[in-house]
Amino acid sequence: MTGRVAILISGGGSNMLALVDSMTGDHPARPVLVAANDPRAGGLTKAAHRGIPTAAVDHRPFKGDRAGFEAALSEHLDAAAPDILCLAGFMRVLTPEFVARWSGRILNIHPSLLPKYKGLHTHARALEAGDTHHGCTVHEVTPALDDGPILGQARLAIAPGDTSETLAARVLTLEHRLYPAVLRRFAAGDRSRIDLD
Ligand code: GRF
């Protein structure tokens, strides 16, 4: 059986592309939908160019009605019937009800070594703290933000001249390696943790 994967994005979608491009050959999953909360998200065009169905559900007309936004998004998800939902640079906080519906089948990538630096501005916070190492985490999504069982981490050493911009770029490269590696295992039913250096 081949797993069906839907990917939620908000922006350029480089993590989405890394996931999509990994799902070939003997990979146990295939992409069935890329959906964004912003119709201008650059990743939508990139996904469409690869022949993947796309959907845009603009969150702004819902004016903070998160359940209403999620109901509209869920119409697209229900039609695509994914087995796994991957958040890839998806910048909306999901309600506990939505997360519960996808419990055990929803993954996120976060640009820090969780549990450090949940939320935003992770690279600047790692620098400010004087950390020697930084990286990214793929975890299962639970109702608490950037929480949930960790499925994989990738680390790098912070260099003396690093800025939040150079760190972001280098961590993003790690994200593109880590997320596909975790998804491949997860789609095969293996939830053992991956650590990349
Ligand atoms: C990445 O930096 C990711 O860590 C963060 O949002 C960005 C998404 O980039 N959560 P992309 O849309 O995958 O290119």
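None of the values given here were measured: they were computed from a predicted structure. For ligands, and for the atoms within them, numbers begin at 1 and follow the listed sequence. Residue numbers count from 1 along this sequence.
For the pair Arg66 (side chain) and Val93 (backbone), a donor-acceptor distance under 3.5 Å is present. In this structure, the side chain of Glu97 does not engage the main chain of Ala67 through any donor-acceptor pair within 3.5 Å.
Among protein heavy atoms, the minimum distance from atom 7 (C) of ligand 1 is reached at Gly89 CA, 4.4 Å. Protein heavy atom in closest approach to atom 14 (O) of ligand 1: Ser14 OG, 2.6 Å. Of the protein's non-hydrogen atoms, the one nearest atom 13 (O) of ligand 1 is Asn15 N, 2.8 Å. Nearest non-hydrogen protein atom to atom 1 (C) of ligand 1 is Glu175 OE1, 3.5 Å.
Close N/O approach between Gly13 and ligand 1 is found [any backbone or side-chain N/O within under 3.5 Å].
Contact annotation: for His110 versus ligand 1, there are no heavy atoms closer than 4.0 Å.
Ion pairing of Lys118 with Asp147 is present here, as a side-chain N (NZ or NE/NH1/NH2) and a carboxylate O approach within less than 4.0 Å.
Applying the 4.0 Å criterion to heavy atoms of Gly12 picks out, from ligand 1, the atoms 12 (O).
The minimum heavy-atom distance linking Met23 with Ala29 is given by the pair CB-O, 3.4 Å. Here the closest non-hydrogen pair linking Val182 and Leu151 is CG1-CB, 3.7 Å.
Interatomic distance, CG of Asp146 versus OG of Ser112, reported as 7.0 Å (0.5 Å rounding).
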